[in-house]
Every structure is written in structure tokens, then in C-alpha cells.
Amino acid sequence: MISSREVRRLGRVKSSNLGYPRIGENREWKKTLEAFWAGKREETDFFQQMEQIRLYHLKKQQEKGIDYIPVSDFTFYDHMLDMAVMLGIIPERFRNEGEADSLQTYFAMARGSKSAVACEMTKWFNTNYHYIVPELGEVTPRLTVNKPLIAYREAKEKLGIEGKPVLVGPYTFVKLSKGYTASELPDLILQLVPLYEQILQELEQEGVEWVQLDEPILVTSITKKEMETIVHIYQQLHEAAPKLKMMLQTYFDSVEHYSEVVTLPVQGIGLDFVHGLEQNLRFLTEHGFPQDKVLGVGAIDGRNVWRSHLPNKWHLLQRITRIVPEDRVWIQPSSSLLHVPVNVHEETHLDSLFEEALAFADEKLDELSCLIKGFRYGESMIADEMIKSQKILEQMALSSARNRSVVHEAVAKVENADFNRSAPFEQRREKQQQVWNLPLLPTTTIGSFPQTSEIRQARQKWRKGEWTAEQYDQFIQKEIKKWISIQEEIGLDVLVHGEFERTDMVEFFGEKLGGFAFTKNGWVQSYGSRCVKPPIIYGDVEFLQPMTVKESLYAQSLTTKPVKGMLTGPMTILNWSFVRDDLSRQEVAFQIALALRQEVEALENAGIKMIQVDEPALREGLPLKKSAWNNYLEWAVNAFRLTTSTVQDTTQIHTHMCYCEFHDFIDSISQLDADVISLETSRSHGELISTFYDHAYNKEIGLGVYDIHSPRVPSVQEMVSTIERGLEVLAPAQFWINPDCGLKTRGMEETISSLQNMVEATHFTRQRI
Ligand code: GLN
Ligand code: ZN
């Protein structure tokens, strides 16, 4: 029986979704795109298949009873690119590709064409999703097409859905774009706001009730002054379309200027109550919430793969609905579900408890519906589901995988001394110089050599059981041998084994450490049609047996030159995985660090005494708020140091990071206390020089002298001048010469020619200093 109190509540709390994964249950989206690019699909078929995928996604959400279903979150590549094209921000170099709204222009901007290089791509906030960076400043914006309107009409006509169009809000859009200086920003806003007004007016005329404007920039460290600009923008938008309700959506953290944000002239504010939980809840309890607005409560984690603890969520929602009346509350995921895989149907190979602990996009929407049911028909109606979720998570907590006492004890015992090597860098350096006796400007590479289709096929054969482990090992050894002799012939000073046995630098270690699981179908979009399947760290991370010693030792046995051991660092493994959420990230990082430390020690004991621990993703983990950077950097740096601190003074620790914006970061890089670091810098030398003028760097450092992201073979002369520019700010005695990243995606011939030129450029420079 439904009590009278409960009847009163019927239908009051609403459910809403912010965005749905595009890639499809079986990556149909990716396959359709790639078939089209390969010329295997006509344009009409392409549009038709895409429509099918899009409608199927909408239908699923409709069947789950979601009240506010997002439309126009679907895209053929990226939602920022959609916004740019819609606003006519198409750089001049793409003018000859075709009409502004043609697929040719669109994909040329995303992927480049014969005559124009692609637009840049960069990370979407602190996720592993990459968006296309709009290039403002060059062309005058104009509205080319109202995509949300088209999407709204389609959902209504084909499925009877009253959709909620989604747009990237104007301030976030401008802030994530490039091609302008701070003083030009007000002008750009003036150009863009009328276009947004037009979009919104057309939606209003069409009878759209709600539109979602994503402004995740509001959770970053924006200034008061910027906040004033945002208030002004939204006043204008509201005046332009007063009858259209705007849900101003934030996510990934708590908002920065709560009081200003909640008084913006919009009808709804969406806050993240997962990743900004504590702070947003504090704002809400301390400052209240305006009576005339809807609160979008991001209660279900849109960034992770775990089932929710429903009683806790229920409790949270009860707290919130004591502050904001139920008829003004929407329950929703904390962010777009773009960042999680589609559903768990295929994951039957996993341990059943663990499988039950997972919730991907579809399961998260089910959790939403369940909570709504609780509000509509009473808590008792969802008691079973709540108990079930609690039980599963309790069992996970009790599982042996999460109770490896050796691991817990080791982490608990970590103390400051564990982060330090036994001698400071200056002393280590002297000893290392004696042992290694390397020439001035030593040459090396970053680790991987071309992964040819032959190598990938060999791995497939072994995985499918067509090849025995011995056959596969022999094949790998043959590759190592070939490349050791190539490196010797080229005349490199420090060699690598080539990483032929690894598909992916995180997966390789995850498969060999305890505590990791791999899904069959847990794909998420990384950029464009590229999808990745991140490992899931579900248990305590444990070293089981040496993971890299065999290949490194074999390589070293073939040469008298030093061969670097090659590991992926703890922060990169952490940041490129889905991580259990019952422990702090720091604790998980330290678990990984201690496991990797055993690998470092195993390599050293086996006689490998140059060891590189790659951390390309260390910077990616930086919190969105600057105020939280120091705390993160402290434990991230410590995780690296924990991995590398126990080796002898003469053992040389290398690290590698592949990004060029390290001007705000160089001190942390130095604190890693690695004897040698290699950085990607070949694309931004001007910036680099100024960085080292401002920050003295005392350890050894290799600055990438050529860009491996292109098949072009750089000339000797080019590399000589790149090296010389580096030598303006760094002493020859600390300078290493290397390409700017691993060579795994390059072809064999271009790799050899480029490295030959690199060595020649080094010889030439050595004679001149
Ligand atoms: N050692 C790795 C490689 O060479 C590093 C890759 C990376 O920096 N992303 O492929
Ligand atoms: Zn790199």
C-alpha cells in the first residue's frame, strides 16, 4: 500500500541524464566512422547508420524512464568540434574542403586532409577524453546550423521524446579554445553570445522546455572577474529566450563561486555530488539554494565503473531534499556517461562478485531509475535493491583481493625515509659517471620501436593459442636481437630492448600484477574513433613475479652498451585505469609503487642498472583546482620516489614524460629525483628556453630533438639547431639526445633514418663544444 504521504510525492523528483556514450554497445559507431573514412560507406549509408545508433541510444534511455533525456550530445567525432562548426569557427585552411557543414570539412578539421593539418586535440578537463581545440580569432563566427534543434526535432518525431538539447556553454567554449589573447576575450564573447542567443531563441520557438548548458569551467579556479563576465553572459542569454529554461550544468568538482553561480539568471543548476561532494554539500547546507530554481543532483558517479552504494545515495538525497523541495530536484549522473563503458553484459568472464560490483552507463541509469522509484512509491519499494547493492559492496570489501594483508602492512609502514635514495644526486652523479663513462651528449631512445603488423599478428597467434609461449618468446627475441644490432649500427650510446612484447604500457603491467582485471567490452572513447579499454584496479595491487627481467636481460646479453630497463610508473598506471573507490588514490598509488619497486629491484639484481620509469600521465592527474595541486603533486612525486628509491647509487634511474607544458611543473619534475629525464619538447622550443631561464635544473635531461608524431625524417641540420637551442640553457654535461617519445607508431625505415640523423647531429655538435 502506498501511504498518503507517499502519494503526495508521486512524480515529483525527476531523473535526468547529461550525456550518453556514443560508441555503441559493440563499438558500432567507431566501425561506421572508420568504414566511411576508408571509403567503404556511402555518405547516405553513413548518415543512416549513425541515425540508427543515435535513436537506439535515445530509446534505451526512454525505456529506462529517464525524464530529461539529452539530445545533441551525440556527435560524429567530438562535441567541441560540433560546437566550433556550428558557430562557423572553421579555420581558413579548411576553406577548400567543401561547404562549412559538409562531412569533408568536419573530418578534415578533426583528422587533417591532403592540404590542411588537423586542428589540435587536447584533454577534456581531467578525463582521458580528448577534444578538438577550436581556433578562435582567425574567422568571424556565424551560425552555420542549429544542431540541437535538429536533434530535438528528430527525437520528438521519431520517438516522441521531449529531449533536452545539450550545448557547451559559451564561457567554457571560449576558455577551451585557442588563438586569442586575454585582452581579446571580451570581444570574442561579444561575437559569440548573439549566436548562442539565436540558437536558444530557435529552440524556444520550437517549444523546447529545457536546454542544458555545460559550464564545467565553473569548477576550475576562475577569478571573480571572470565570474562577473559569466553573470553578464547569462543575463543576455536569458533575456534573449526568456521562456526557455536553462539548466546550467557543472561537473568534475565543486563549483568555485557558489553564491554567484546559484543566482545566475537560469532556471536550474547542476552540481556534482560525487567528485565535489563534500564542498558542494557544504555550500548547499550553509548557503541554501534559491527557491525558484531546479537543483540537478549529480549523485551517480559518471567517471567510474562501480556500482553505487544505494543506501548512501538515498541518504544523501534525503539530506538534499530537506533543503531543496522534491519538485525542484533532478537526480542525475555526476557527469556525462561518455566516460564509462556502455554496459556490463559481456563481462561474464569475471569473477561473479566482481562482475556484480560493476556498473557501466546502462546500469548507472538503472540506479537512477531505482532511486526515482524510491521517491515516487516509497523507500520500501526499493529496499531489496538497496540491500543488494550494500551486500555486494560489503562482500567486495571482505574479499581476499581487497584484504592482502602484506600489501596493507607495507603501505602502512611507508615513511618519509622511503622516498629518498641513499645519496643526493650530486654524489650519485659522480659515481655514475665513473661507472658508465658515457660520451658528452649521450644518445638514446624512449623505449619502444615500431610495432609492425607482424608483431601484432604474432601476439594474436599466441593469445589464440595457435602459438605456444615458447614460439612467441622466440619471435620476440628475434625482434629484440634485430633492433639491438640496428641500434649498435646507428651508434646510439644507451640502448633499449624495444618493448615488442607490450601492446599497451599500462595493460602489460596490469596483466602481470595482482589486483587488476580486464574487461572484454569495457571500451571508452579516447578521441575520435579511438577507444581504449582501461584496466580496472579492483583489489590490492601486488607484485607476483618479475615482469620485464627476461626481455631486458636478453637484450643486455647481446651488447656491451648499456640497455635501459623499461617500466611504466605508478602514477601513469593509476591515471590510465579505473580505480577502486574504497581507498584513496594515494593509497592505491603507493600500492602500485611498492609492487613496481620489487620489479626495479629484480632488474637491478639481474644486472640491469639503468632503469627508466615512464610517467607520461603524471601531469594528467592534476586536480582541476589549482589550490589542490600541491597536495596531489606531493604524493604523486612520492609514489615515483617510492618506486625508485632503493637502488644503489650507481644505478641510474631515468624517467620520461611526454608533454611540453612543463613550465608550471618543472620543480615537481626535479623533485622526482630521477638521475635522467627525457621530455617531449621538439614542438615548443621557445617556451622551453624561457622555462629553463626561470628555473635552474641541475639533473641530467634529454630534450626531444625531433617529433615522433609525424613520419617525416628530420634533417641533421634541423636537429643540430634544436640541440644548440637547448644548449643555450642547459650545460652540455647534463644534456642527453633523444627523440621526444616512443617510436612504436612509426615505420621501420623512417625510424632508422631519423635516428641516424640524430646521431650524426650529435657527433657534429660534440665537436663544436
Ligand atoms: N617507453 C614508452 C615508449 O617508448 C613511453 C611511452 C609514452 O611516453 N607514452 O613507448
Ligand atoms: Zn612519451
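Numbers here simply count residues along the sequence, with the first being 1. Each ligand, and each atom within it, is numbered from 1 in the order the structure gives.
Under 3.5 Å, the side chains of E507 and T503 contain a donor-acceptor pair of N or O atoms. With 3.5 Å as the limit, one finds no donor-acceptor pair spanning the side chains of R27 and N521. Side-chain atoms of W29 and Q525 include no donor-acceptor pair closer than 3.5 Å.
At a threshold of 4.0 Å, the pair R421-D673 does not count as salt-bridged, since none of the basic side-chain nitrogens sits closer than that to a carboxylate oxygen.
Ring orientation note: the planes of Y77 and W37 are tilted relative to one another, at an angle of 30° to 60°. Between F475 and Y472, the ring-plane angle classifies as parallel under the 30° and 60° cut-offs.
Taking the centre and axis of the six-membered ring of F508, the NZ or CZ atom of R502 falls inside the cone set by 45° and 6.0 Å. Cation-pi geometry between K699 and Y697 is met: under 6.0 angstrom from the ring centre, within 45 degrees of the axis.
The ring pair (Phe, Tyr, Trp, His ring centres under 6.0 Å) contacts involving residues 718-742 comprise H654-W736, where partners must be two or more places apart or lie in separate chains.
For the Zn ion (ligand 2), protein N, O or S atoms closer than 2.8 Å were enumerated as H656 NE2, C658 SG, C741 SG, with waters left out.
Below 4.0 Å from some heavy atom of C658 lie the following atoms of ligand 1, by number and element: 7 (C), 8 (O), 9 (N).
Among protein heavy atoms, the minimum distance from atom 5 (C) of ligand 1 is reached at D614 OD2, 3.4 Å. For atom 10 (O) of ligand 1, the nearest protein heavy atom (residue, atom name, distance) is S448 OG, 2.7 Å. Nearest to atom 6 (C) of ligand 1 among the protein's heavy atoms is M505 SD, 3.6 Å.
Taking 4.0 Å as the cut-off, H656 counts as a neighbour of ligand 1 on heavy-atom distance.
Checked by distance only, ligand 1 and Q612 stay at 3.5 Å or farther apart across all their nitrogen or oxygen atoms. Of the N or O atoms in W576, none lie within a sub-3.5 Å distance of an N or O in ligand 1. Among the atoms of L743, none of the N or O lies under 3.5 angstrom from an N or O of ligand 1.
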